Structure formats: C-alpha cells, structure tokens
Amino acid sequence: MRFNEEMSTTLPLAASRRAEPYTDTGAELVPGHAANPRRLGAHLAGDGIDVAVHASHATRVDLCLVDVAPDGTLSERRFRLRGPVDGIWHGHLPGVRSGQRYGFRVHGRWDPDAGLLHNPAKLLLDPYARALAGGVELVPAIHTHTVGEDLVPVGGEMVIDPHDSAPFVAHGVVVDDRFDGAVEGPRVPWAETVVYEAHVRGLTMRLPEVPPELRGTYAGLAHPATIAHLRQLGVTTVELLPIHAKFPEPFLTRKGLTNYWGYNTLGFFAPEPTYATRAAQEAGPEAVLAEVKGMVSLLHAAGLEVLLDVVYNHTCEGGVHGPTLSLRGLDNTGYYLHDGTVPARLVDMTGCGNTLDFRRTRVVQLALDSLRYWAGEVGVDGFRFDLAVTLGRDGAGFTPSHPFLVALATDPLLSTTKLVSEPWDLGPGGWRTGQFPAPMADWNDRFRNTVRTFWLADPAAAAKGYAGHDLRDLATRLSGSADLFGAGEVPGGRGPLASVNFITAHDGFTLADLVSYEHKHNEANLEGNRDGTDDNRSWHHGVEGPLPQDSPAAQILPLRRRSMRNLLGTLLVAAGTPMLTAGDEIGRSQGGNNNPYCQDNEISWIGWRRDDWHGDLLETVSSLLRLRREHPVLRPSRFAAGRPRTADDVLPDLSWFDGNGEAMEPDGWHDPHQRVLQMLRSGQPVGDADALVVLNGSLDQQLVTLPEGRGRDYELVWDSAWERPEGVQQAETEPLDLLASPGEAVDLESLSMRIYLAR
C-alpha cells in the first residue's frame with residue numbers, strides 16, 4: 001500500500017475542490033482508556049469523550065477530529081485508538097466538547113479477494129454517530145477502490161484508491177443529547193390501535209395551515225394543524241417512513257432524482273438532517289436532534305404514538321463497487337453477508353446490493369443498540385422493520401428463534417414497544433407472513449390481496465364475463481387470518497391483532513389510484529415504466545386515469561368512490577390491526593405511479609384537498625374509525641371459535657350467512673358465483689351490541705335476507721352507498737328507515753356493504 005508522501009492534512013472545502021492524495025502523518029496515542037470499551041460510539045465523559053468502534057480485522061484505527069475553518073477549509077487532528085479488545089478499538093480524549101466533528105481512518109490488509117477493503121484514505125462515519133454534519137458527494141474519492149468519473153472501476157479491477165475522502169463525506173458529530181421536554185408515550189393497547197403510515201416531508205409539504213417554514217419538517221409534523229387532522233381522523237399511531245440519515249443511490253443521483261422514501265440508510269442513530277427546519281439545520285446537529293425529540297413529545301402530548309420504519313437489512317454502501325462511507329471500511333466481512341467463496345462476493349437478499357449479516361454478534365448489537373437509543377432516548381413507541389426476514393436469517397434460511405428476534409422479545413425496553421415486521425425479503429424462502437414470534441405483529445399482504453381481489457379484481461373480471469374467486473379467503477381475512485397467525489409457541493398463536501391489515505401502503509397505488517388505474521404509470525421514475533409491481537389487483541371501472549366531472553364517462557366516478565369506501569369499510573371491520581396510508585382519507589392520487597420512491601415532489605406529497613367528495617371521504621373514514629372505537633365487537637382481540645363464548649350466550653361468537661339469511665353451506669364457500677356474504681359477531685362477550693356486516697360483491701343490486709340472530713332489530717349504522725356517513729338522511733328525499741327486522745329482505749346496491757348493530 002503506497003500513498004503520496006507529501007504531508008498535507010488540510011483540504012479545501014470549496015465547491016471547486018478536487019480530491020487530494022491522502023498522507024499518513026501519523027497519530028499520537030489517545031491519552032486514556034474509555035471507561036467502558038464496549039460502549040460503542042462517541043460519548044461525552046468527564047473532561048472529554050469516550051470513543052469505541054468495532055473493526056475486527058484492522059491493524060490500527062485513528063480517531064480523526066475534523067475542524068472547519070471560517071474560509072471553508074477543513075483540517076484533522078488524529079489520535080490512535082487503543083486495542084483491539086474483542087475487535088473493539090477505544091480511548092478517552094480530553095478537551096473534546098459537543099459539536100465536534102469526527103470520523104475514523106482504518107488501517108489494515110487490502111485483499112479484495114478475501115473481502116478485506118481497509119483503506120485509511122477514506123474517512124469513515126461512526127456507525128453509532130448520533131448526529132451528522134455535511135453530506136456525501138457522489139465523486140470518485142468516496143470509493144475505496146479506484147474508479148473513473150463514471151464511478152466504474154478502472155480496468156474492472158479492485159485497485160486501492162489513494163485519494164482522501166474527508167471533504168466529500170458526512171462527519172459524525174459529538175452531541176449533548178439531553179432534552180428536558182420529554183413526554184411519555186400514551187401506550188395505546190393493540191386492540192385500540194389504528195396505524196397511520198406517513199412520510200415526514202410529504203405529509204405537510206402542501207398542508208396550507210402549516211407555516212411555510214415548517215412544511216415538510218419534523219416541526220411541521222407536530223404542528224397543531226397536523227395534529228388536529230390526525231385527531232379528527234381518529235388514528236392512534238403515526239408510523240413514519242425512515243428518518244435515519246440516508247444517502248440516495250448513485251443511479252438516482254445521476255438522473256437528477258433522489259431516494260425520497262429513505263430506505264437507504266447512512267447512519268442508524270442520526271436523524272436525517274434535511275427533514276429539520278432550516279433554523280434547526282443552521283443552529284447545528286444538536287438542534288436537529290432536539291427538533292426530532294420535540295416532535296415525538298408533542299405527538300405524545302396529543303395522545304398519539306410514534307413508530308419508526310427502520311432499515312437494518314442493508315445500508316447505502318450498495319454493492320461491492322459502491323461507495324465506502326462507514327461499515328465497508330471498518331469491517332467489510334464482519335458486517336456484510338458474503339457467500340464464503342474466493343474471491344469474496346456479497347450476498348444480496350434485499351435487492352439493494354448488500355445485506356447486513358445477522359449471524360454476526362456486532363451486527364445484532366448495532367441494531368439492538370440503535371433501537372434502544374430511539375426508544376429510550378428519543379422516546380419513540382415502536383418500530384416497523386423493513387424486509388424483516390433478513391434480520392432473522394441464519395445464513396440463507398429464516399428462523400423465528402433467531403437471536404435478534406429472541407432479543408427483541410426479551411429485552412426489558414424493546415419488548416414493551418410496538419414491533420411490526422415487513423415479513424418478506426428477496427432471498428430464498430423470503431415470504432414469511434405470520435411466522436414471526438410474539439410480541440411482533442406482521443404486515444398482512446394476504447389481507448391486502450384478498451380484499452382488493454374481492455372488491456376490484458373480481459368485479460373487473462365479471463364485467464368481462466369471467467368468474468372470480470370464492471369467499472373462503474375473504475372470510476379468513478375478515479376473521480383475523482387464523483391460518484397465518486393462529487400457530488406459534490403460545491396456544492392460539494399471536495391472535496388476530498398481530499395481523500396488521502392494510503389495503504395500501506407507501507409501496508403501491510394509493511386508494512384513489514386503485515380504483516382509477518389498471519396499469520402502473522411510473523414514467524417519471526425514468527426507468528421505462530419497468531419498475532414497480534404489475535400485481536396491483538386494481539380496477540379503473542371502465543376508463544383509465546382521472547376523469548373531469550364533465551367527461552362523458554363521469555358516471556363511473558360515484559362507482560369509484562363507492563369502491564374506495566368498500567375497501568376502507570372492509571379494512572375497519574376486519575379482525576386485526578388496521579393501517580391507513582396518509583392521504584387515502586382524502587383521496588390522494590399519485591397519478592398512477594405505484595413506486596414513487598424517487599419522487600420528492602407533488603407526485604408523492606399529499607395535496608390536502610378537502611372540498612367536494614374529498615371532504616366526504618374524510619368524514620366517512622372518521623365515522624368508521626369512531627364506530628370501531630366505540631364498539632369493541634368491531635375489533636375482536638381473539639380468534640372466533642364458531643360457538644357461544646359464554647354459557648349464557650345463544651349466539652356463536654362468529655357466524656356466516658348467505659344472501660338468503662341461511663348459514664353458509666360448504667358448497668356456498670366454494671362457489672365463485674356466490675358474491676353475497678353476511679358476517680355476524682356476537683357482542684355479548686365484550687358487553688356490546690351484535691354486529692352484522694353484509695357484503696355485496698356482485699355487479700347487480702341484491703335483495704338480501706338478514707339472519708335471525710337474537711331476534712332483535714338491526715340498526716343500520718353505515719352503508720358504503722352513502723357518499724357521507726349521514727347517508728340519505730341529509731338528502732332532500734324521504735329518510736331511510738334504518739331499522740330492519742331479522743328475516744327481512746333489504747336491497748343492497750351493487751358492489752356495496754353495510755354495517756348493522758343489533759342493540
């Protein structure tokens with residue numbers, strides 16, 4: 001390994017700067033020992049800082065304090081850390097205060113065939129840095145190997161690059177992260193939880209009641225106008241797309257796009273600084289962190305929980321030819337999953353170029369330490385784990401008893417938070433819905449697909465003369481997906497609340513687009529419309545895309561709106577934990593883009609229209625959530641047994657009926673032409689009224705006979721045919737008789753559903 005011998009540790013920070021060769025000027029030994037060498041990261045301690053970093057194959061690790069002069073140049077002070085102790089390098093350095101930028105330079109063997117990529121020319125971000133300064137520039141110098149201006153290895157070989165990356169990368173910042181305004185979370189029970197998935201930036205970028213300087217920020221999300229909307233809606237738990245510090249994929253940067261969603265993590269402890277207000281960014285990293293904590297506390301004070309979508313399955317360093325920013329330079333084979341061959345090759349279970357190796361102790365520790373920090377110090381209430389199967393892989397295979405998953409279930413802090421898996425990845429055997437251990441809940445993609453199929457794909461097929469699916473899978477999803485969540489270590493499994501039911505999520509069509517498009521329209525992503533799924537199970541009701549009110553095809557607009565209400569109504573009466581996607585409650589559209597991960601613009605930002613039918617839809621969702629909140633019979637916490645729950649009850653806890661009010665027979669369950677289903681839940685076990693849900697999935701109006709039940713009248717509390725929850729009661733026509741007797745035949749509009757309560 002040879003570097004330019006010219007001594008220079010001061011590098012220009014101007015926009016016109018060029019990469020300079022790195023010179024090893026030596027480093028004095030850090031004066032003291034860290035009080036606890038196993039406490040990774042940089043922490044204020046006494047008269048300075050304690051520092052510890054894991055780099056098991058290194059021969060020397062330098063702590064580099066980075067200082068920025070008023071003219072924009074930066075310089076370094078280097079200190080050689082002590083160690084290693086079990087692969088950890090550490091030390092105590094007096095005189096360092098909060099606000100100090102820092103990084104690491106790692107010396108060691110350069111052997112790409114063995115997966116060893118040590119290169120002290122690259123200033124590396126501390127994986128445990130709690131705040132960042134500066135950003136990453138997509139230039140050749142951030143690569144540990146020599147690349148051309150096109151960022152492709154010169155000659156196709158992995159040749160060590162001698163240029164200093166310090167001016168082009170983000171630096172860790174020592175912070176004093178004490179915060180006096182913390183408010184404890186509301187700890188909403190799972191049985192009352194309604195999740196609202198949102199993007200910090202997209203939620204408020206166009207929200208008019210939020211001041212312009214706060215839009216798209218942590219502070220904007222906690223603004224009274226945002227909170228008022230969330231409370232009016234009736235959700236309990238805000239799940240935020242990733243807010244960990246990120247770096248966009250190079251192929252997006254070259255196209256002028258960015259990773260808007262944020263699933264490309266640079267640091268697992270530091271918040272993304274660009275989501276903070278300009279005032280906080282200018283005040284420094286501590287102010288950014290304080291804004292995040294303030295957001296969490298304000299949401300808590302309003303009775304709302306905060307979940308973070310976290311990405312521990314891969315990092316932004318990408319494939320082997322990607323940049324070297326942190327883990328790759330610290331310990332490439334110790335952090336990333338390799339196939340064990342020579343030359344060493346990364347294993348990609350995520351589709352993102354690399355996979356963190358959860359067989360490794362330090363990888364498990366990194367994830368757990370990060371989670372404990374966000375829950376214990378920042379105060380969040382839980383986490384949704386992106387591509388969570390990767391986190392439970394023992395090599396290539398998934399196991400629910402993986403040490404990481406066991407640690408989550410037994411950790412005194414983390415086990416008390418809400419833990420939600422995205423139960424799949426792209427590796428072999430990657431679909432594992434229902435197979436994660438308690439106390440985790442899983443996103444239920446089977447629910448999404450089944451409900452979309454019943455209300456959209458099957459009617460679209462019927463309109464062309466084809467038969468759809470039978471009712472078995474729909475009934476299974478409505479009753480809590482016992483086929484997926486009824487097994488496990490505990491008899492009865494995790495129960496229906498472990499099923500996080502959803503119709504839409506950030507990934508895919510919005511609710512409005514589901515009923516307006518049959519094909520994806522991702523042209524803005526500049527990938528030739530090849531990206532994004534083709535399995536949308538959507539239905540445009542006859543015409544593709546948006547329709548003005550004066551269009552000759554405008555008669556399908558009410559049908560589209562009814563389909564949206566059908567999807568929402570089914571979601572909110574099904575057993576399980578419902579999740580709404582931000583903006584669906586007001587009919588947000590992405591113009592048919594079902595993969596807007598790179599669209600930080602009006603395609604992804606919520607438009608906040610509340611006029612006309614958008615306001616009606618908001619009232620409908622709020623009304624449905626209020627019904628669900630007030631009636632525990634609509635949110636069962638146990639799987640039904642199909643028989644009376646108590647000795648004095650005459651009704652089974654759950655019963656199924658056909659359109660004639662008769663108990664469903666086996667042949668009815670298997671008949672794809674049977675499109676009417678009635679679900680009756682007994683409310684007696686929970687001290688509530690009985691609930692009857694009637695679904696008409698046919699293209700024709702149906703005369704439906706209500707079942708006998710207890711012999712009490714049924715009161716209609718919601719009909720998806722109503723544009724507003726008050727229905728025709730507010731219309732200038734005869735009021736609808738909301739009461740119906742057992743055995744009475746009632747008319748259901750085509751493709752509609754009703755909710756009755758038997759008082």
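No experiment lies behind these values; they were computed from the predicted model shown.
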Problem set entry | CG on L680 to CD on E708, rounded to 0.5 Å |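 It is 11.0 Å, given to the nearest 0.5 Å.
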For this session: Kindly compute the distance separating CD (E518) from NE2 (H521), expressed to the nearest 0.5 Å.
Result: 9.5 Å
Distance-only side-chain donor-acceptor flag, [X] / [Y], under 3.5 Å:
X	Y	result
E192	W190	no
D442	T433	no
T581	T504	yes
Q674	D667	no
T570	W455	yes
D473	T450	yes
N696	S752	no
S698	Q702	yes
H469	D458	yes
Y714	E744	no
W722	D616	no
S720	R562	no
H670	D470	no
D648	T646	yes

Exercise. Can H229 and W608 be said to form a ring pair (Phe, Tyr, Trp, His ring centres under 6.0 Å), step by step?
Worked result: CA-CA 11 Å; H229 175 77; W608 291 108; 4.7 Å; yes
Closest approach of [X] and [Y], non-hydrogen atoms and distance?
X	Y	result
P558	A554	CD-O, 3.6 Å
M440	A498	O-CB, 4.1 Å
P548	L557	O-CD1, 4.2 Å
L751	G697	CD2-O, 3.4 Å
G587	A512	O-CB, 3.6 Å

For this session: Might you work through the salt bridge (Lys or Arg N to Asp or Glu O under 4.0 Å) test for E197 and R384, ending with a clear yes or no?
Result: CA-CA 10 Å; E197 189 197 38; R384 179 266 191 187; 5.4 Å; no
For this session: Look at the aromatic rings of W669 and W656 and report parallel, tilted or perpendicular, splitting at 30° and 60°.
Result: perpendicular
Problem set entry | Test log, rule salt bridge (Lys or Arg N to Asp or Glu O under 4.0 Å), inputs D381 and K418 | CA-CA 6 Å; D381 306 283; K418 285 189 165 77; over 6 Å; no
Problem set entry | Salt bridge R477-D483, side-chain N to carboxylate O under 4.0 Å | yes
For atom [atom1] of [X], decide whether the heavy atoms of other residues, nucleotides or ligands shown that lie under 6.0 angstrom number more than 12.
X	atom1	result
E489	CD	no
R610	CZ	yes
R231	CZ	no
R710	CZ	yes

Exercise. Under 4.5 Å between any side-chain heavy atoms of W718 and Y756, yes or no?
Worked result: no
Exercise. Got L634 and L572 here, is their nearest side-chain heavy-atom distance under 4.5 Å?
Worked result: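 No - every pair of side-chain heavy atoms lies 4.5 Å or more apart.
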Exercise. Does the pair L547 and R560 meet the rule for a side chain to side chain contact (heavy atoms under 4.5 Å, CB included), with working shown?
Worked result: CA-CA 11 Å; L547 289 171; R560 287 180 174 182; 4.1 Å; yes
Problem set entry | Residue from D534, N595, N594 passing side chain to side chain donor-acceptor pair (under 3.5 Å) with K520 |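 When side chain to side chain donor-acceptor pair (under 3.5 Å) is applied between K520 and each of D534, N595, N594, only D534 qualifies.
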For this session: Go through the steps for H541 and S563 under the test side-chain hydrogen bond (donor to acceptor under 3.5 Å, both in side chains), then give the verdict.
Result: CA-CA 9 Å; H541 294 72; S563 289; 2.8 Å; yes
